[in-house]
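Read the structure below first, then the notes.
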Amino acid sequence: MIETRALNVEAVRADFPILGRRINGKPLVYLDSAATSQKPAAVIDAMDDYYRRYNANPHRGVYAISEEATAAYEGARQRVARFINAGSPKEVIFTRNTTEAINLVRYSWGRANIGAGDGILLTEMEHHSNLVPWQLLASEVSARLEFLCIDDDGLLQLDGLERKLDGVRLLAITHQSNTLGTINPIRAIAEAAHRAGALVLVDGAQAVPHMPVDVQELGVDFYAFSGHKMCGPTGIGVLWARRALLEAMPPFLGGGDMIKRVKLTEASWNDLPWKFEAGTPSVAEGIGLGAAVDYLAQFGMDAVRAHERTLVGYAMEKLQDVPGITLYGPRDPEVHGGAVSFTLPNIHPHDLATLVDREGIAVRAGHHCTQPLMDRLGVAATTRASFYVYNRTDEVDQLVDGIQKAQKVFA
Amino acid sequence: MGDDLYREQILEHYKNPHHFGELPDADITQEGDNPLCGDVITLYLKLDDGRLGDVRFRGRGCAISQASASMLTDLIVGKPLKELKTFPTKDLLEELGIQISPARMKCATLSVNTLRVALNGDSGEED
């Protein structure tokens with residue numbers, strides 16, 4: 001049972017060793033958690049402890065430390081399952097990251113279920129990781145790609161949804177845009193997709209770290225996310241899918257661990273979830289993800305979301321006073337997750353990011369792996385500030401100061 | 001911000017680039033871009049008896065990429081093509097006169113890589 005704890009930012013900051021660093025003589029102001037979050041000591045220690053005390057290949061080992069490794073790795077799976085309210089840990093497939101989880105669905109379910117002329121419905125705001133795999137599948141099986149468009153506030157235009165779902169086998173959609181911060185109404189969209197006979201895959205890379213996610217309540221079919229954006233390590237991600245789907249799907253990668261019985265010319269598959277986990281898994285990373293889930297669960301994801309809603313509301317308010325700034329994404333913090341994108345006249349985002357780095361402020365500049373969205377916005381790149389449990393409103397103030405200094409340099 | 005990366009000379013080239021524009025009678029027109037940052041430039045080269053008779057560029061992108069293009073045009077105009085075909089990247093970096101971080105190197109070298117593509121068909125970039 002996890003102890004609950006109020007989300008006190010100063011206490012939270014003390015949990016993250018990296019926040020003690022100084023960059024260019026200034027305290028690190030880390031505003032790039034949408035790219036990857038920082039890691040609390042609890043996560044680093046959990047992984048360190050595995051390597052120092054019970055490093056062994058899990059599953060099948062009959063000696064003590066292998067059993068300990070198995071218990072820790074599978075324990076992490078159970079915690080992840082509870083965290084997203086999966087029906088069973090068997091529905092939680094560990095992958096390398098969100099991208100690999102989506103590609104698993106593309107290769108395993110997609111190839112078997114999507115054929116010539118079938119539709120795959122996506123949105124204009126997808127990260128390349130939830131776009132390129134479907135481009136590849138579509139060209140492989142001669143399927144067609146359809147897109148939901150966004151309005152000028154960065155919200156999905158849903159009025160033509162029923163029509164766009166005609167002949168669609170899969171709707172693949174982000175839960176929260178990594179560039180705009182838009183939180184999409186997944187439950188309603190999933191209901192419409194199911195009425196039209198389509199399955200729903202959600203890219204939850206920006207959602208699971210930042211808000212309560214209940215995969216059953218959302219009513220979706222596949223849900224993918226990454227460990228490293230939610231206080232966990234890189235190299236571990238999750239595909240959740242409904243059990244009946246996973247049972248029916250062919251394996252993804254072949255090799256050790258995913259088999260039940262192997263003969264020279266054929267093999268049968270292991271039970272879920274291991275059927276989809278070929279080879280020695282990322283054991284330390286899985287254990288680290290389990291620790292990350294425990295870390296977040298002590299606050300409760302409602303508290304995490306409330307904290308970020310405050311930060312985003314504050315950031316939108318402060319940034320809109322910067323002369324000449326263009327802010328992207330929803331004005332309403334209720335549907336705007338913890339990422340704010342903007343551009344300035346006469347200062348390229350890379351120049352801005354370089355200049356504020358001199359002040360110790362880490363923001364991201366570029367297309368954020370959403371080039372079609374950049375085309376839609378009519379810009380080559382934006383600057384993005386993104387927030388997490390350890391950010392304070394005064395860090396927004398520092399960013400605004402940094403922007404104003406940069407504007408003086410370019411005046 | 002006391003910034004050497006954005007020292008006065010670079011900002012001056014960025015705000016008032018040299019040889020900016022097009023050459024309608026260019027012998028070679030070459031586009032170059034850094035898709036990752038969205039920096040783009042187009043070089044217009046007018047050849048004159050084995051030399052670069054005239055040069056113009058158009059572009060948009062970060063200050064480093066655009067200032068470097070402007071500085072490059074000063075360095076190459078009037079020079080023998082034979083020399084320009086192997087124009088060393090380091091000469092441009094010396095002219096920029098600042099420490100370029102690995103993350104920004106593509107910005108700093110876009111213009112010279114585009115020049116080499118224009119004259120040789122490939123950038124000969126060492127990476």
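Reminder, nothing fancy here: chain letters follow the sequence lines and each chain counts from 1. All values derive from a computational prediction rather than experimental measurement.
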| Of the non-hydrogen atoms in B:Tyr6 and A:Leu355, which two are nearest, and what is the gap between them? | CD1-CD2, 3.4 Å

| If we only count heavy atoms from C-beta on, is the A:His348 to B:Asp39 side-chain gap below 4.5 Å? | yes

| note | Shortest non-hydrogen pair, B:Gly38 vs A:Ala380, comes out as CA-CB, 3.9 Å

| field | Crowding at CG, A:Asp151 (>12 non-hydrogen neighbours, <6.0 Å) | value | yes

| field | Set of salt bridge (charged side-chain N to carboxylate O under 4.0 Å, His left out) partners for A:Asp152, sequence neighbours left out | value | A:Arg376

| query | More than 12 non-hydrogen atoms from neighbouring residues, nucleotides or ligands closer than 6.0 Å to CZ on B:Arg60, yes or no? | reply | no

| query | Has A:Asp153 got more than 12 heavy atoms of other residues, nucleotides or ligands less than 6.0 Å from its CG? | reply | yes

| message | To check you understand the geometry: which heavy-atom pair defines the closest contact between B:Arg104 and A:His350, and what is its length? | response | NH1-O, 3.1 Å

| field | Min side-chain heavy-atom separation B:Gln66-A:Asp351 under 4.5 Å | value | no

| request: Mark yes when over 12 heavy atoms from residues, nucleotides or ligands other than B:Glu94 sit less than 6.0 Å from its CD; otherwise mark no. | output: yes

| Taking atom CZ of A:Arg21 as the centre, does the number of heavy atoms from other residues, nucleotides or ligands within less than 6.0 Å exceed 12? | no

| remark: Nearest heavy-atom contact between B:Lys15 and A:Val409 is NZ-O, 3.7 Å

| query | Looking only at heavy atoms, what is the nearest atom pair of A:Asn346 and B:Tyr14, with distance? | reply | O-OH, 3.4 Å

| Hey, is CD on A:Gln157 packed in by over 12 heavy atoms from elsewhere, all under 6.0 Å? | yes

| Winner by heavy-atom pair count (cut-off under 4.5 Å) against chain B, out of A:Pro349, A:Ala381, A:Ala411 | A:Ala411

| said: Between A:Ala353 and chain B, with a heavy-atom cut-off of 4.5 Å, which part of the residue counts as in contact: side chain, backbone, both or neither? | reply: neither

